[in-house]
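For reference, the structure is listed below as structure tokens.
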Amino acid sequence: MSTADEGFKAALEEAKKGASEGGVPIGACLVSADGKILGKGHNMRMQKDSPTIHAEISALENAGRLPASAYKGATMYTTLSPCDMCTGACILYKVKRVVLGENKTFVGGESYLKQRGIEVVNVENQECEDLMNEFIRKHPEDWYEDIGEGTPK
């Protein structure tokens, strides 16, 4: 698992798309065991005024309704460590692996994913980290709202 993977590239492009729309720059891509992109998306909380459209949820939504077997062996690529909600979705659909771009700006449910038998790979991508740092610097109130912490610290 690396930044050269098509799933990671798609997730990063989605993060950039979210940033260009004025949203939280997090992207995700769900890839089947045989390497087919099932769905991709980006955080759209700001754009859609939604409390739940995080990148991983958007990718699952864009994959459409799939049989449980479609998730067997699947990988969720995400540009940031997944929050509790997105961690839960990965567990619910029994994805095999979560590949994250970085976890320096936010650490989500990685330990819980591992505890539930899901492989977690951090590719420590500087571009992902830079996108998040810029957003947090410019929009701290939106970031803290996004992670459910209310006000900036």
Side-chain angles (χ1 to χ4, degrees), residues 1-32 35-64 71 74-93 95-114 116 118-153:
M1 303 288 102
S2 76
T3 57
D5 295 353
E6 291 304 312
F8 180 79
K9 290 178 185 177
L12 183 55
E13 284 305 310
E14 287 290 325
K16 291 175 184 177
K17 183 176 180 183
S20 74
E21 296 170 354
V24 183
I26 304 170
C29 182
L30 181 66
V31 177
S32 68
K36 177 184 174 201
I37 290 179
L38 299 173
K40 56 187 176 177
H42 55 277
N43 185 305
M44 295 189 61
R45 290 188 68 253
M46 312 316 276
Q47 299 92 315
K48 299 253 181 178
D49 198 28
S50 167
T52 58
I53 306 178
H54 284 197
E56 298 87 344
I57 303 303
S58 179
L60 287 164
E61 178 72 18
N62 290 328
Y71 302 101
T75 298
M76 177 67 79
Y77 290 87
T78 179
T79 58
L80 184 66
S81 181
C83 73
D84 289 342
M85 177 176 65
C86 297
T87 292
C90 290
I91 291 168
L92 176 67
Y93 291 105
V95 300
K96 178 181 180 180
R97 174 183 310 107
V98 175
V99 176
L100 50 117
E102 64 100 0
N103 68 357
K104 289 183 180 174
T105 58
F106 177 78
V107 177
E110 296 168 45
S111 60
Y112 189 46
L113 288 166
K114 292 174 186 175
R116 295 297 299 264
I118 296 171
E119 179 185 1
V120 176
V121 178
N122 183 355
V123 296
E124 300 179 18
N125 181 268
Q126 189 63 51
E127 191 171 7
C128 292
E129 187 178 339
D130 292 345
L131 278 168
M132 285 308 305
N133 279 326
E134 181 178 351
F135 181 81
I136 293 167
R137 183 178 54 75
K138 288 182 177 178
H139 307 282
E141 67 288 342
D142 293 334
W143 171 241
Y144 286 99
E145 175 188 315
D146 191 68
I147 59 174
E149 294 200 15
T151 57
K153 295 177 179 176

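The first residue of the sequence shown is numbered 1, and numbering continues consecutively from there.
- Residues E21 and H42 meet the side-chain proximity criterion, which asks for heavy atoms closer than 4.5 Å.
- Closest approach of E127 and N125 over heavy atoms only: N-OD1, 3.0 Å.
- Counting only distance, with no hydrogens or angles, the side chain of N62 and the backbone of G39 share no donor-acceptor pair below 3.5 Å.
- The line from CZ of R97 to CD1 of I118 is 11.0 Å long, rounded to the nearest 0.5 Å.
- Separating the CE atom in M44 from the OG atom in S50 is a distance of 9.0 Å, to the nearest 0.5 Å.
- Taking the side chain as every heavy atom from C-beta outward, V24 and H54 never approach each other to under 4.5 Å.
- Considering every non-hydrogen atom in both N103 and S81, the closest pair reads CB-CB, 3.8 Å.
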Identify all side-chain donor-acceptor contacts of residues 82-90 below 3.5 Å with residues at least two apart in sequence or on another chain.
{"unit_1": "T87", "atom_1": "OG1", "unit_2": "P82", "atom_2": "O", "d": "3.2"}
{"unit_1": "T87", "atom_1": "OG1", "unit_2": "C83", "atom_2": "O", "d": "2.8"}

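- For the residue pair A15 and L131, the shortest heavy atom distance occurs at CB-CD1, 4.2 Å.
- The NZ atom of K9 lies 12.5 Å from the NZ atom of K40; values are rounded to the nearest 0.5 Å.
- The minimum heavy-atom distance between A59 and M76, with the atom names listed, is CB-SD, 4.4 Å.
- A distance of 11.0 Å separates CD of E14 from OG1 of T78, quoted to the nearest 0.5 Å.
- Here the closest non-hydrogen pair linking L30 and A74 is CD1-CB, 4.0 Å.
- I91 has its side chain within reach of Y112: a pair of non-hydrogen atoms, C-beta onward, lies under 4.5 Å apart.
- Side chains of V95 and T75 form no contact here, defined as non-hydrogen atoms less than 4.5 Å apart.
- Residue D5 holds its CG atom at 12.5 Å from CG of L12, rounded to the nearest 0.5 Å.
- Applying the ring-ring contact (aromatic ring centres under 6.0 Å, His included) rule to F135 yields the partners H139; only residues at least two apart in sequence or on another chain are considered.
- Shown here for C128 and F8, the closest heavy-atom pair between the two residues is SG-CZ, 3.7 Å.
- L80 places a side-chain heavy atom less than 4.5 Å from the side chain of T105.
- Residues V98 and E56 fail the side-chain proximity criterion, which asks for heavy atoms closer than 4.5 Å.
- Within the 4.5 Å cutoff, the side chain of P25 has no heavy atoms near those of the K16 side chain.
- With values rounded to the nearest 0.5 angstrom, W143 atom CH2 is found 4.5 Å from I26 atom CD1.
- Ring geometry, Y93 versus Y71: the interplanar angle falls from 30° to 60°, so the pair is classed tilted.
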